[in-house]
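Following: one structure in structure tokens, then a few remarks.
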Amino acid sequence: MEEVEWMQRRPNPEDLRVGLISWAGSYLTYEPYKNMVTTTAKGLGRRQTWEILVSNEHETQAVVRLRSFQGLYLLCEADGSLRYDRPRTSHHGCFLLRFHRNGKWTLQCIISGRYLESDGHDVFCNSRVLSAYHMWTPRPALHAHVVLYSPFNHCYARADSTAGRVWVDAPVPCLGECGFLLHFQDGCYHLETSTHCFLSHLDQLVSQPSSQTAFHMQVRPGGVVALSDGEGGMLYAQGPRLLLGLGSNPRRGEEWFILQHCPTWVSLRAKTRKFLSVVYDDEVYAASEHLTPMSLFQFESDNDRSILQLRSANGCYLAQRRHRTVLANGHRQECDTFLRMHWNCGRIILQSPNGRFLGIAPNSLLIASATIPGPSEEFGIRLANRPFLALRGRYGYVGISSGHDLMQCNMDQPDCIHLLPCRQGIYHFQAQGGSFWSITSFGTFRPWGKFALNFCIELQGSNLLTVLAPNGFYMRSDRSGTLLADSEDITKECIWEF
């Protein structure tokens, strides 16, 4: 497997989405009921998220359109007013996006030549003379749990808690230490590792965020970012071991990383309690008592929540082959790699394209043989690279607010939910302080329980899941901002991005 092939050729839609922060610290927001655009919101939500559609890009500028979640575009009218609708001509809604050295963006209407600006409330395009009021700070709108890929080195960043360093040396991001939480505060970013340490300007991991862990970010469409200390130092991999640290002389392109949502890796365990593992290059057996890199599979499910692909660390997908065998030698577009998933109390059942269910043969080989699934066709599944969850729903992240004693679901930043595996698919939820999640008789949650409760997690997509709470109802986000567990069925508000 060539390491560069692990990266997807095209960015995901979420990699193209940003929030735009005005000079006043408020976000560019579309108002669906008024057909207008304002800058009144103080946080990044769905109405503050814009997809940057690029038609022509160079090093310092690009021609773009801004599209909202509803599929409508930011449009500049002849009188300088802004609204969002569908373009009437080929250039209507096109802006010249310029990337400035301080990390700011400016957006100039292609037709009128006027710059997008805000007075702190309203948005308009009136002036052709550039000023500070025309500067916008881009904030990536993808989920806060991310991986950093270096196209220059063809590797991912990896935190080493033992050495207190971050290296750019992981060809495949299958381990939890490749994931980082991206915290946005006061216009800067803090990188938190899976062990809750922070990357500092001294190239070391420290226990608390501070001004020494704050990085400025330059953003390009498609999730391409560069991090700096704001004083001329750029973050890039250095030395023979590729230590991620600040320097002033990167080679061309060495400082740029691709920021992506942390992928989901899982382990699968058969009824015999042996892990599914790839051996002999592409054969899959349930024969390993210990978890190894070849026992990990990337969980990919993009469009249909019930259709799944499992990608091995060898870069290939599980695929049904002759004589009902299942091998890890498939390619992304092959129809034989698409499996249908069914859930049974936290255990997963996999159905091959020919309708037969995956199970384990007497010689421990993975095959697709059974026409009716039984215990031998059920697999225990566990998140392999997620020691914690950061959940985002329709109204924001799940977290604790200083003004509430109940868990909220409309936060701008996530609070980590530590996962304590109990049984296959069953976890205990632990708050950051060490206490457990508790549930009230009203289906609300508090983060300071003394006893561990069982939560059942079922994956619904590449980075989507549902949570069956201890009271037997699905956990959902509520418009009021309070996290609830009161849904008998899986609705849109029950789907969590993680």
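With a 4.5 Å cut-off on side-chain heavy atoms, Val37 and Asp122 do not count as touching. In this structure, Phe455 and Pro470 have side chains that are in contact, with non-hydrogen atoms separated by less than 4.5 Å. Using a 4.5 Å heavy-atom threshold, the side chains of Leu459 and Phe299 count as touching. Residues Thr29 and Val123 fail the side-chain proximity criterion, which asks for heavy atoms closer than 4.5 Å. A 4.5 Å side-chain heavy-atom check between Leu44 and Ile21 finds every atom pair outside the cut-off.
Shown are Phe180, Phe498, Phe388; of these, the ring pair (Phe, Tyr, Trp, His ring centres under 6.0 Å) with His145 is made only by Phe388. The only member of Glu192, His201, His190, Gln208 that meets side-chain hydrogen bond (donor to acceptor under 3.5 Å, both in side chains) when paired with Thr213 is His190. Just one of Phe69, Trp136, Tyr30 meets the ring pair (Phe, Tyr, Trp, His ring centres under 6.0 Å) condition when paired with Trp50; it is Tyr30. Among Arg98, Arg114, Arg128, the one residue that satisfies the side-chain hydrogen bond (donor to acceptor under 3.5 Å, both in side chains) test with Gln108 is Arg98.
Donor-acceptor pairing under 3.5 Å is recorded for the side chains of Gln309 and Thr337. Side-chain atoms of His100 and Thr106 include a donor-acceptor pair closer than 3.5 Å.
Close placement of the His143 and Tyr397 rings is indicated, their centers lying within 6.0 Å of each other. Tyr189 and Phe215 have their aromatic ring centers separated by at least 6.0 angstrom.
Applying the side-chain hydrogen bond (donor to acceptor under 3.5 Å, both in side chains) rule to Glu334 yields the partners Arg321; only residues at least two apart in sequence or on another chain are considered. In terms of the ring pair (Phe, Tyr, Trp, His ring centres under 6.0 Å) criterion, His183 has no residue partners (sequence neighbours excluded).
Between Asp412 and Arg392 no salt bridge is recorded (no basic side-chain N to carboxylate O distance below 4.0 Å).
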#### Entry: Worked check of side chain to side chain donor-acceptor pair (under 3.5 Å) between Thr193 and Glu177
CA-CA 7 Å; Thr193 70; Glu177 56 200 36; over 6 Å; no
### Query
Can you list the steps and then say if Arg88 with Glu77 is a salt bridge (charged side-chain N to carboxylate O under 4.0 Å, His left out)?
CA-CA 11 Å; Arg88 295 189 298 270; Glu77 301 303 329; 3.1 Å; yes
### Message
I'd like to know whether Arg479 forms a salt bridge (charged side-chain N to carboxylate O under 4.0 Å, His left out) with Glu493, so could you lay out the CA-CA distance, the side-chain angles of the two residues, the decisive distance to 0.1 Å, and finally the verdict.
### Response
CA-CA 9 Å; Arg479 191 178 296 272; Glu493 292 184 331; 5.5 Å; no
